[in-house]
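Each chain gets a letter, A, B and so on, in the order its sequence line appears, and its residues count up from 1.
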Amino acid sequence: MANETEALLLDARGLHKRFNALVVLSGVDFSVHANETVGVVGPNGAGKTTLLSVLVGAHAPTAGEVRFRGADVTALPTAERCRQGLARTHQIPRPFSGMTVFENVLTAAFHGGGQGGDAAYAQAAQALATTGMTSLANRRAETLGLIDRKRLELARALATGPSLLLLDEIGGGLTDAEASELVDVILDLKRGGLAIVWIEHIVHVLLRVAERLVCMDAGRIIADGAPASVMSDPAVIEAYLGGGPG
Amino acid sequence: MKAPAIRIERWTPESRVALALALIVAALLAVGPLLFDANIVDRLTTLFIYVILAVMWNALVGYCGLVSIGQQAFFGLGAYFAVRLADLGFSVYPSLFVAALIVGALSLPLSTIMLRLKGGEFAIGMWVVAELAHLLVNLDTLINGETGTSLIALNAYAIGKRRALTYWCAFAAMAGLLAVVFVLLRGPTGAAIQAIRDNEQAAESIGVRVTRAKRLVFMLSATGAALAGSLWVATAVTFQPRTYFSPQWTAYMIFMALVGGLGTFEGAILGAVVFFLIEAWFGGAGVWYLVGLGAAALVFALALPRGIWGWVEDKTALRLLPVGYRVKLIGEPDVDKGA
């Protein structure tokens with residue numbers, strides 16, 4: 001049997017994405033192994049969120065293919081990829097505002113998680129406990145503040161029972177204390193063996209979690225490797241720290 | 001972190017009482033023609049049809065977020081197919097139900113086109129569909145254009161028997177549709193359609209098969225509106241296309257759901273009762289009745305956007321026929337009650 005930690009979970013090859021004349025991704029190869037925690041950084045407009053959208057199927061790539069757990073999922077709708085274990089959170093939280101927090105998460109357990117009855121209740125309750133939202137279970141989601149909306153995004157994704165979790169700037173807009181609280185939750189998930197890809201602007205937050213760092217610029221991956229070596233890569237410094245000589 | 005022990009509460013003591021009362025009322029209504037005089041039987045038949053219209057609109061818009069202003073398409077087609085089937089020699093009362101099923105089947109191909117449209121495009125597009133259905137029905141020579149025709153097959157029944165049969169059909173249709181919607185909303189599909197209403201992309205990204213769920217609700221509400229239409233022609237006897245394909249039917253649906261409480265199961269029923277009472281008391285006032293309806297709808301939209309029942313729910317956390325989930329922590333104080 002192949003070593004679990006080595007198993008290739010997600011494998012994207014030659015991804016191109018164009019919106020009319022605007023080229024957002026131009027030839028991205030990106031793969032994630034089981035148990036891996038990958039951080040994705042890059043300046044605004046580098047194509048990070050588009051990459052994530054293509055990986056989950058919210059956008060179809062102009063060219064290239066996405067394989068998940070060995071199967072080609074390039075043509076598969078988002079909902080089906082989620083049911084296979086590929087979950088994402090949204091940069092701007094999208095709660096189901098007319099439903100309670102528990103109902104939000106339960107819907108994910110029913111559909112993405114494929115659970116029914118008590119098993120769905122248990123999976124939803126666990127997702128709420130993991131994200132520290134149990135005490136808010138009966139609140140209507142529209143009454144939540146930003147940090148709780150971000151937590152709800154995470155709880156909902158977890159309730160689908162993912163094997164790979166894609167986080168889109170989940171720390172954005174939070175205070176340092178709030179972001180740090182969220183990092184603790186994500187570290188717990190990492191210790192639990194969940195593979196995570198995390199797009200984030202706040203690099204120091206990301207570095208607490210990521211064991212591999214990918215830097216994007218202008219629709220390409222310009223560095224990929226151990227966080228320390230990526231952060232000291234001249235190309236990364238050039239792109240990420242605003243360029244300029246030296 | 002380990003999940004604390006929880007219990008999911010779906011029926012509360014109050015809601016059990018409410019359900020028992022609802023079943024008692026239903027049992028009484030089921031024998032209505034044996035208890036009430038003719039006038040009341042006729043009025044209740046009308047009320048049942050209003051309840052169907054309100055509940056179908058509420059399922060489509062209040063729960064699934066598919067705002068349509070063309071539901072009269074299905075209402076009119078239901079009436080038309082009932083007349084058509086009866087003219088072909090089929091027994092008239094079964095025809096009322098078969099007509100609704102035909103319209104439900106037709107709404108499947110229609111859904112593949114219409115559900116591609118979003119928001120306002122869908123809403124207006126449905127009105128166009130209604131106008132188109134109206135024109136197509138007028139092509140049938142049986143209908144005599146706008147002159148219309150009658151469900152003459154009803155003349156085979158004595159007036160008393162006809163009144164009772166129509167009542168029972170309307171009651172069975174209402175009870176059946178209420179049960180279907182209630183069971184649907186309490187299950188995983190109910191959670192899915194509310195998620196779609198609140199954010200379609202987010203629903204998709206947590207694994208909800210969006211198109212399938214929307215299609216189910218679209219077809220259900222088409223079938224229900226068609227049943228209301230076929231029952232209406234059984235009470236009114238005459239079928240004039242202009243009356244049945246009039247946007248007023250959708251306007252009534254909106255009024256009932258809005259006043260009762262959009263997106264609450266109890267609200268739609270309450271809204272139908274309120275509308276029925278307003279019509280009974282003020283229906284004779286002509287134009288001023290319509291002006292009053294419009295003004296009332298406006299006042300509700302501004303002052304009580306969640307309708308009468310939505311307001312009651314917010315104030316009291318009371319759920320009579322609950323479709324949601326309340327979390328109770330076992331052995332710990334109650335989780336915050338906020339509605």
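What you find for B:Gly324 and A:Glu103 is that their closest heavy atoms are CA-OE2, 3.2 Å. Across every non-hydrogen atom of A:Arg83 and B:Gly207, the tightest pair is NE-O, 2.8 Å.
With a threshold of 4.5 angstrom between heavy atoms, A:Ser97 approaches chain B through its backbone and through its side chain. For A:Glu80, the part sitting under 4.5 Å from any heavy atom of chain B is the side chain, from C-beta outward, and nothing else. When heavy atoms are compared at a cutoff of 4.5 Å, B:Arg7 does not approach chain A at all. Contacts between A:Leu128 and chain B at a heavy-atom distance below 4.5 Å are absent for every atom of the residue. With a 4.5 angstrom heavy-atom cutoff, A:Phe110 touches chain B only via side-chain atoms. The contact between B:Arg10 and chain A is made entirely by side chain atoms (from C-beta outward), counting heavy-atom distances below 4.5 Å.
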Check against side-chain contact (heavy atoms from CB on, under 4.5 Å), B:Glu204 and A:Arg81: CA-CA 10 Å; B:Glu204 222 174 298; A:Arg81 293 190 207 192; over 6 Å; no

Working for side-chain contact (heavy atoms from CB on, under 4.5 Å), residues B:Ile8 and A:Phe102: CA-CA 10 Å; B:Ile8 305 302; A:Phe102 182 75; 3.4 Å; yes

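More than 12 heavy-atom neighbours from other residues, nucleotides or ligands sit within 6.0 angstrom of CG on A:Leu146. The neighbour count for A:Arg208 CZ, taken as heavy atoms of other residues, nucleotides or ligands under 6.0 Å away, is above 12. Surrounding CG of A:Asp72 are more than 12 heavy atoms belonging to other residues, nucleotides or ligands, all under 6.0 Å away.
A donor-acceptor distance shorter than 3.5 angstrom exists from the side chain of B:Asp198 to the backbone of A:Gly98, with no hydrogens or angles considered. Remark: side-chain polar atoms of A:Arg94 are not paired, donor with acceptor, to backbone N or O of B:Asn199 under 3.5 angstrom. A donor-acceptor pair under 3.5 Å is absent between the side-chain atoms of A:His90 and the main chain of B:Gln201, judged by distance alone.
Here A:Asn104 contributes atom CG and B:Ile206 contributes atom CD1; the two are 7.5 Å apart, rounded to the nearest 0.5 Å. Atom OG of B:Ser205 sits about 11.0 Å away from atom CG of A:Asp168, to the nearest 0.5 Å.
The only option from A:Thr100, A:Leu106, A:Asn138 that meets the side-chain contact (heavy atoms from CB on, under 4.5 Å) definition with B:Tyr325 turns out to be A:Leu106.
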